[in-house]
Amino acid sequence: MDETSQKIIDATMSLIRDKGYVATTTKDIARLAGVNECTLFRKFQNKKDIVLHGVSQEKWRAHVTPELFQNVQWELEPDLEMFMNAYMDKITPDFVNLSIGLRAPQLYEETASMIMKVPQAFISSLTEYFRKMKELGKIPHYDFESLAMTVFSSTFGYTFLNASFGQNLMDVGREEFIKNSVKIFVNGIVQK
């Protein structure tokens, strides 16, 4: 990727993060990249082509893979806190806003699989963790995928709302939210 093409990609992805796909024009992209529109169209077919090149670059996607969740102690509370923290470390407000921009109907068919890799990595890793915890005799049998989805939904919800509204919606900080959520979740699992 030459320097000019990278500037165009970076400008495009930044604008989509800040304004959304539909509101981002090729004029805006060219202006932010410091090139003229003709250069933009010599390098890429159209705005969608630029975005598809951008989402293929690691810098423009959250690199959430199962390896991110390998630092387990086989103790439920600290491990669930680790899962939530690892996710929140990677899914920054900038990434949340970019992923919202990438959900435009004009792009969604091409970007959905990339966007879904993040929740899939979390849910599959946590589901497998719960299975192993059951094998170790540390938790009873449940629908482990539903449990993983519950933890993910809570983690995603906090991350999304915090990125969207910050402290205007809630006074609960990240650390307090994670500790309280895990405690509630764990007590719900172990109580009969």
Test item: D79 side-chain N/O and Q73 main-chain N/O as donor-acceptor pair under 3.5 Å: yes

To check you understand the geometry: which heavy-atom pair defines the closest contact between S56 and H53, and what is its length? OG-O, 2.6 Å

Tell me, please, which residues at least two apart from F41 pass ring-ring contact (aromatic ring centres under 6.0 Å, His included). none

In this structure, are over 12 heavy atoms from other groups packed under 6.0 Å from M149 atom CE? no

I139 and L136: same hydrophobic cluster, using ILVMFWY side-chain contacts below 4.5 Å? yes

Evaluate side chain to side chain contact (heavy atoms under 4.5 Å, CB included) for L126 paired with L80, printing each intermediate quantity in order. CA-CA 9 Å; L126 189 53; L80 291 176; 3.7 Å; yes

So does F95 have more than 12 non-hydrogen atoms from other groups sitting under 6.0 Å from CZ? yes

Using side-chain heavy atoms (C-beta onward) and a distance below 4.5 Å, is T111 in contact with L52? yes

Spacing of M114 atom CE and L107 atom CG [to the nearest 0.5 Å]: 9.5 Å

Are the side chain of S99 and the backbone of V96 linked by a donor-acceptor contact shorter than 3.5 Å? yes

Between side-chain atoms of residues 31-40 and protein atoms elsewhere (two or more places apart, or another chain), which donor-acceptor pairs fall under 3.5 Å?
residue, atom, partner, partner atom, Å
R31, NH1, D28, OD1, 3.3
N36, OD1, C38, N, 3.1
N36, OD1, T39, N, 2.8
N36, OD1, T39, OG1, 3.0
E37, OE1, K27, NZ, 3.1
E37, OE2, T26, OG1, 2.4
T39, OG1, R42, NH2, 3.1

Heavy-atom closest pair (A11 atom, I29 atom, distance to 0.1 Å) is CB-O, 3.8 Å

Residues forming a ring-ring contact (aromatic ring centres under 6.0 Å, His included) with F69, sequence neighbours excluded: F83, F122

What's the verdict on side chain to side chain contact (heavy atoms under 4.5 Å, CB included) for T127 and R131, showing C-alpha distance, side-chain angles and the deciding distance? CA-CA 6 Å; T127 300; R131 284 189 184 114; 3.5 Å; yes

Should the pair F156 and F160 be assigned to parallel (<30°), tilted (30 to 60°) or perpendicular (>60°) ring geometry? parallel

Any carboxylate oxygen within less than 4.0 angstrom of a Lys/Arg side-chain nitrogen, looking at K179 and E77? no

Distance in Å, S125 OG paired with Q120 CD, rounded so as to fall on 0.5 Å steps: 11.0 Å

Evaluate the side-chain proximity of F44 to S5: yes if any heavy-atom separation is below 4.5 Å, no if none is. yes

Set of salt bridge (charged side-chain N to carboxylate O under 4.0 Å, His left out) partners for K43, sequence neighbours left out: D2

Ring-face cation contact, Y21 with K47, 6.0 Å cut, 45° max: yes

Between S154 and T150, is there a donor-acceptor pair closer than 3.5 Å when you use the side chain of the first and the backbone of the second? no

Do K59 and M13 have side-chain heavy atoms sitting under 4.5 Å apart? no

By side chain to side chain donor-acceptor pair (under 3.5 Å), which residues pair with Y87, not counting sequence neighbours? none

Measuring only between side-chain heavy atoms, which start at C-beta, is L76 closer than 4.5 Å to F130? yes

If we only count heavy atoms from C-beta on, is the I100 to R17 side-chain gap below 4.5 Å? no

Expected output: side-chain N85 to main-chain E81 donor-acceptor under 3.5 Å: yes

Can Y108 be reached from L15 by stepping across I, L, V, M, F, W or Y side chains whose heavy atoms are under 4.5 Å apart? no

What closest approach, in Å, do T12 and I50 show between heavy atoms, and which atom pair accounts for it? OG1-CG2, 3.2 Å

Could you go step by step and tell me if V72 and K132 meet the side chain to side chain contact (heavy atoms under 4.5 Å, CB included) rule? CA-CA 11 Å; V72 295; K132 179 73 174 165; over 6 Å; no

For Q57, is the CD atom crowded, meaning more than 12 foreign heavy atoms sit under 6.0 Å from it? yes

F165-Y158 co-clustered via ILVMFWY side chain contacts under 4.5 Å: yes

Of all heavy-atom pairs linking G20 and T24, the shortest is O-OG1, 2.7 Å

Verify same cluster id: V186, M133 (apolar side-chain graph, 4.5 Å): yes

Hey, could you give me each pair passing salt bridge (Lys or Arg N to Asp or Glu O under 4.0 Å) that has a residue in residues 150-177? Not counting sequence neighbours. D89-R174

CD of E67 to CD of Q70, rounded to nearest 0.5 Å, is 6.5 Å

Ring centers of Y129, W74 separated by less than 6.0 Å: yes

Side chain to side chain contact (heavy atoms under 4.5 Å, CB included) assessment of W60 paired with S14: CA-CA 9 Å; W60 290 110; S14 296; 3.6 Å; yes

Please answer: with hydrophobic residues joined when any side-chain heavy atoms are less than 4.5 Å apart, are L161 and M84 in the same cluster? yes

Would you say the side chain of Y142 lies within less than 4.5 Å of the side chain of P140, judging by non-hydrogen atoms? yes

